[in-house]
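Written below as structure tokens is the structure these notes are about.
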Amino acid sequence: LHLSIRRQRQMCIRDRFKYYSGEFAFLDGSMERKLSTILALDVVGFSALMANDEDITLANLRQRRELIDGIIHEYDGRIFGSAGDSIIAEFSSPVKATECGVKIQTKMQAINDNLPENQKMRFRVGVNIGDVMISDNNLYLVSISFTAHFNAAEAFLGFVTTGCSK
């Protein structure tokens with residue numbers, strides 16, 4: 001019975017959506033598309049920091065998020081996704097997104113200079129120009145794969161930039 005229900009869901013999804021460049025798209029055309037600049041960032045080794053001291057790590061993250069959110073808004077960015085230690089924001093300009101990312105990295109490094117090693121938060125920042133789909137005031141990344149770029153840049157604790165794809 002469980003497999004039967006699962007199969008029905010898969011068929012329903014397959015009939016209503018098509019798979020496009022790693023993302024699902026509505027077949028009825030209900031999603032608007034646009035070219036956008038996306039900035040994504042996360043904390044390198046966040047799980048290890050949490051394992052070391054959850055209370056200090058969460059307090060430091062809250063402090064950093066206040067600063068990061070303010071910098072994103074300063075550069076006219078719009079945060080549309082956040083989970084744990086990661087943030088995804090949209091910008092109208094790749095220049096503003098890049099300048100924002102540089103300022104975030106500079107500010108975070110200045111804070112790290114005054115902290116013991118086990119409390120330092122190092123951020124990976126990625127900026128990409130790519131196709132996005134809009135539905136219910138949310139963005140769905142179509143041609144952007146930050147995960148692959150972040151994993152490739154694991155040792156590089158700075159910036160990852162990618163261009164338009166497709």
Does the side chain of [X] reach to within under 4.5 Å of the side chain of [Y], using non-hydrogen atoms?
X: Ile72; Y: Ile104; value: yes
X: Phe80; Y: Ile88; value: yes
X: Gln105; Y: Leu41; value: no
X: Met121; Y: Leu115; value: no
X: Glu90; Y: Lys34; value: yes
X: Phe91; Y: Val127; value: no

Practice prompt. List the atom of Gly101, the atom of Val125, and the distance in Å for their closest heavy-atom pair.
Written response: CA-CG1, 4.1 Å
Item to complete: Taking all heavy atoms of Thr37 and all of Ala97, pick out the closest pair and write down the distance.
Response: CG2-CB, 3.5 Å
Contacts of [X] that satisfy side chain to side chain contact (heavy atoms under 4.5 Å, CB included) - sequence neighbours left out:
X: Ser93; value: Val95, Lys96
X: Ser92; value: none
X: Glu117; value: Lys120, Arg122
X: Ile56; value: Asp53, Asn60, Gln119

Item to complete: Would you please test Leu67 and Ile111 for side-chain contact (heavy atoms from CB on, under 4.5 Å) and show each step?
Response: CA-CA 11 Å; Leu67 294 169; Ile111 294 170; 3.4 Å; yes
Worksheet item: Under 3.5 Å, is there a donor-acceptor pair between the side chain of Asp85 and the main chain of Phe46?
Response: no
[X]: which residues meet the side-chain hydrogen bond (donor to acceptor under 3.5 Å, both in side chains) condition with it, sequence neighbours left out?
X: Asn52; value: none
X: Asn112; value: Arg64
X: Gln109; value: Asp113

Discussion item. List the residues meeting salt bridge (charged side-chain N to carboxylate O under 4.0 Å, His left out) with Glu66, not counting sequence neighbours, and say none if there are none.
Written reply: none
Worksheet item: Atom NZ in Lys103, atom OG1 in Thr98: separation rounded to 0.5 Å?
Response: 15.0 Å
Practice prompt. Could you walk me through whether Ile68 and Phe123 pass the side-chain contact (heavy atoms from CB on, under 4.5 Å) test, one step at a time?
Written response: CA-CA 11 Å; Ile68 290 168; Phe123 286 82; 3.7 Å; yes
